[in-house]
Amino acid sequence: MASSWTWKKAIKVGAAAATAGGGGCALLYLTSVYNSDRKKEQVQQKLAASGLNKRPSKPLPTRADQLNSLANEQFDVLIIGGGATGSGCALDAASRGLKTAMVEYDDFSSGTSSRSTKLIHGGVRYLQKAIMNLDIEQYKMVKEALHERANLLEIAPHLSFPLPIMLPVYKWWQLPYFWAGIKAYDLVSGGDCLKSSYILSKSRALELFPMLKKNELKGAIVYYDGMHNDARMNISIAISAVRLGATVANHVKVVDLIKTDGIVSGAKVRNQLTGEEFSIKAKSVINATGPFTDSIRKMDDGQTRDIVCPSAGIHIMLPDYYSPSNMGLLDPATSDGRVIFFLPWQGLTIAGTTDTPCPVTNSPGPSESDIQFILSEVKNYLTPDIDVRRGDVLAAWAGIRPLVKDPNAGDTASLVRNHVVHVSDSKMVTIAGGKWTTYRAMAAETVDEAVEAAQLGVGPSMTDGLLLEGAHNWAPTMFIRLVQDLGVDTAVAQHLSDTYGDRAFSVGKMAGLTGQRWPIVGRRIHQEFPYIDAEVRYAVKEYAATAVDVIARRLRLSFLNVQAAEEALPIVVSIMADELGWDKEEQDKQTEDAMDFLRMQMGKDLNKASRDNIPVSLTKAEIAEYVKRFNALDDGKKGYISINDIRKSLKSQGVILTNEDVSALMATISVETHGSLDLPEFLQMMSAIKSGTVSHSRFAKMAEMDYKAKKYGEHMERSGGGV
């Protein structure tokens, strides 16, 4: 009874606080909605008159064609960097009619832009600071981000969507406080508000998010932000620029800048895949290289001071059962003051992020301490019924956030809160800082500066409301047509629709026959994910040039499950070899490079280390049982057991392992053991499974099945789901 009374009292306090300024707030909100609707109408009229929002029908030029153009033509603008901001600059410049070039050292979105929290947000915490400190600049920053959030959901509706995010409340006084803040977030959004926030009772909160810790939970507040597939969004921006005439190339490194009479007029570049070097001529050069901003600035002026303060943000992927499929969670105050998001993404759960100073590197990787920090924070919010295990970490990665100092400020110690656009004495334009959500606004401001510096004489930005690749004819029900017209299964069709938009049919038509009654086409490259063979072929048309380009940015498999990415790698390399003419030596190189990427940057080595470092903590009875099991499986008393031992034994019992089964088993055993385990390694594996450091092992499971069959003469049947 007391609890119910306290709940009602908290609601009344919040309502009274809101009512006090209700009239003024309502007027402000209605004015904002009216202005937003009017602006959208004007934008659509301008785009309709320009013809920019018509769906392009011409095929993309090949990568060879793009490289040839870069080497032999002169451009108005050259953008260095193919992340979200660089690609945004290329699209902005091309939409104004400028002859545009863009080069990227690695792959489009290979850096920070593919390693985000996947949110498109206005910054609810920034708004809190703006209100508490009466900071008008911070308020304007949030207002701009909220507009860009709404715009991004409109120009790429297949790739982005509103996501409800729950803010659990464990103290009564927090309810009116948080509610007022979240309602202010809605109010400032005005006409760009995605959906209205609301309060939940304890029972309703647990109904929607049953994994939550029940003890002391008072209720929850739910607000909305956007979510997207960040790497695919980045690639779509770059491809949209190409559709408007931009010339872009990945795997092209800038090795030096070219100057004419003291003015930057191009760059010397190297094709990273062939080693060929050539020059690109341009009237203006934009430096949009994120964490690598200072390296390009020093090519322009060796004495310039550094402005980037790199900070690493770590994320981990967990199984889908850690969160509901349609609601996220925000921990606003972790044990060390950082914010942790806990979000459903691509059928799994993403948790992060951290914020740790780090060096600038091309291959950032996660640290075990950061992984453990995220797991401990996750554990604080989940019911004790859920065992949060280190072995449930499917992948982990680090992204370098380029926090920046203003190069024009006298105080070099203070960081800017948003972004910096700087024009050097030699007229090179640098854009640094900012966040994913505001990439378009940042790009527009940057191109404005480039146009002015080089006196290019074109009009203002045209990208507000400009549809991205795949958005023109997309509809939420388009996946049904894919199923009916092409014969792909529903999960694959939904994935193709949500990834490629109205280009999904072009992808689906490249799919190979499955040889089954259903689905007719679309051979999956991994049985647990809806990625199909056609996507690898289509990725090559969209300038994927390495195996890592595909498993990381085009399919996202390495970010979702590092083990699955390794298992799918042979198929990916084989398809790419057919498309690109790779010989056996190149295929081996691509496989080795991809494995290095998975080990160093996607957490594979850390997963292995966490397993190998676990002490053997088994009871005497358990050790005795596992020793018996090991001895029974050790055919020929060699001192180790191998997959061949299990395969031979099962074959004698009428159970045949396919090549796919064997590959999956091999992937669970470290290469250092050469596909076998001795007794100490076997005991360590069983101990790791018991402790949760390893969530499961195909090898251990198959060994257990084989041992039981030998001991008890059980008949075993394989399910269709693998081993």
Side-chain angles (χ1 to χ4, degrees), residues 318-319 321-322 368-369 371-372 375-376 378-380 382-394 563 603-653 655 657 661-662 664-719 722-723:
L318 297 166
Y321 52 75
Y322 272 85
E368 184 62 30
S369 60
I371 291 174
Q372 292 295 342
L375 288 174
S376 67
V378 166
K379 190 178 297 186
N380 289 339
L382 297 186
T383 172
D385 297 340
I386 297 178
D387 184 14
V388 180
R389 306 179 297 180
R390 174 61 178 84
D392 283 339
V393 177
L394 305 175
Q563 190 66 52
K604 182 173 175 60
D605 268 2
L606 289 180
N607 286 354
K608 177 184 178 301
S610 69
R611 182 192 71 216
D612 291 349
N613 291 333
I614 193 77
V616 176
S617 54
L618 301 170
T619 65
K620 288 184 178 179
E622 288 170 333
I623 291 175
E625 173 65 18
Y626 290 136
V627 169
K628 286 181 185 177
R629 186 175 300 182
F630 180 88
N631 289 333
L633 296 171
D634 179 10
D635 186 36
K637 306 306 174 188
K638 307 178 297 297
Y640 63 85
I641 56 176
S642 67
I643 288 173
N644 285 335
D645 289 334
I646 297 175
R647 188 176 193 178
K648 186 166 36 172
S649 177
L650 290 177
K651 185 177 181 180
S652 68
Q653 301 164 45
V655 179
L657 296 185
D661 295 333
V662 174
L665 286 171
M666 285 294 293
T668 68
I669 302 182
S670 168
V671 260
E672 285 83 355
T673 63
H674 304 289
S676 63
L677 292 174
D678 60 21
L679 179 57
E681 289 166 341
F682 183 73
L683 292 176
Q684 190 172 52
M685 176 182 282
M686 305 319 314
S687 181
I689 293 171
K690 176 186 175 183
S691 68
T693 305
V694 172
S695 59
H696 66 278
S697 166
R698 290 186 178 94
F699 185 93
K701 185 66 177 177
M702 188 58 73
E704 179 184 7
M705 292 169 64
D706 183 28
Y707 172 68
K708 286 182 177 179
K710 282 183 174 179
K711 184 175 180 180
Y712 304 112
E714 294 177 359
H715 175 69
M716 295 177 295
E717 294 183 0
R718 286 186 63 249
S719 70
V723 297

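Keep in mind that what you see is a predicted model, and the values were worked out from it rather than measured. Side chains included, hydrogens not; waters and symmetry mates left out as well; all remaining heavy atoms used.
Among all heavy-atom pairs drawn from Val388 and Tyr322, the shortest one is CA-OH, 3.4 Å. Shortest non-hydrogen contact noted between Ile371 and Val393 is CG2-CG2, 4.2 Å. Between Tyr321 and Arg389, the shortest heavy-atom contact is OH-NH2, 3.7 Å.
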* To do: Assess whether side-chain contact (heavy atoms from CB on, under 4.5 Å) is satisfied between Leu375 and Asp392, documenting all intermediate values.
  => CA-CA 10 Å; Leu375 288 174; Asp392 283 339; over 6 Å; no

* Check the pair Leu606 / Arg390 against side-chain contact (heavy atoms from CB on, under 4.5 Å), numbers first and verdict last. => CA-CA 10 Å; Leu606 289 180; Arg390 174 61 178 84; 3.8 Å; yes

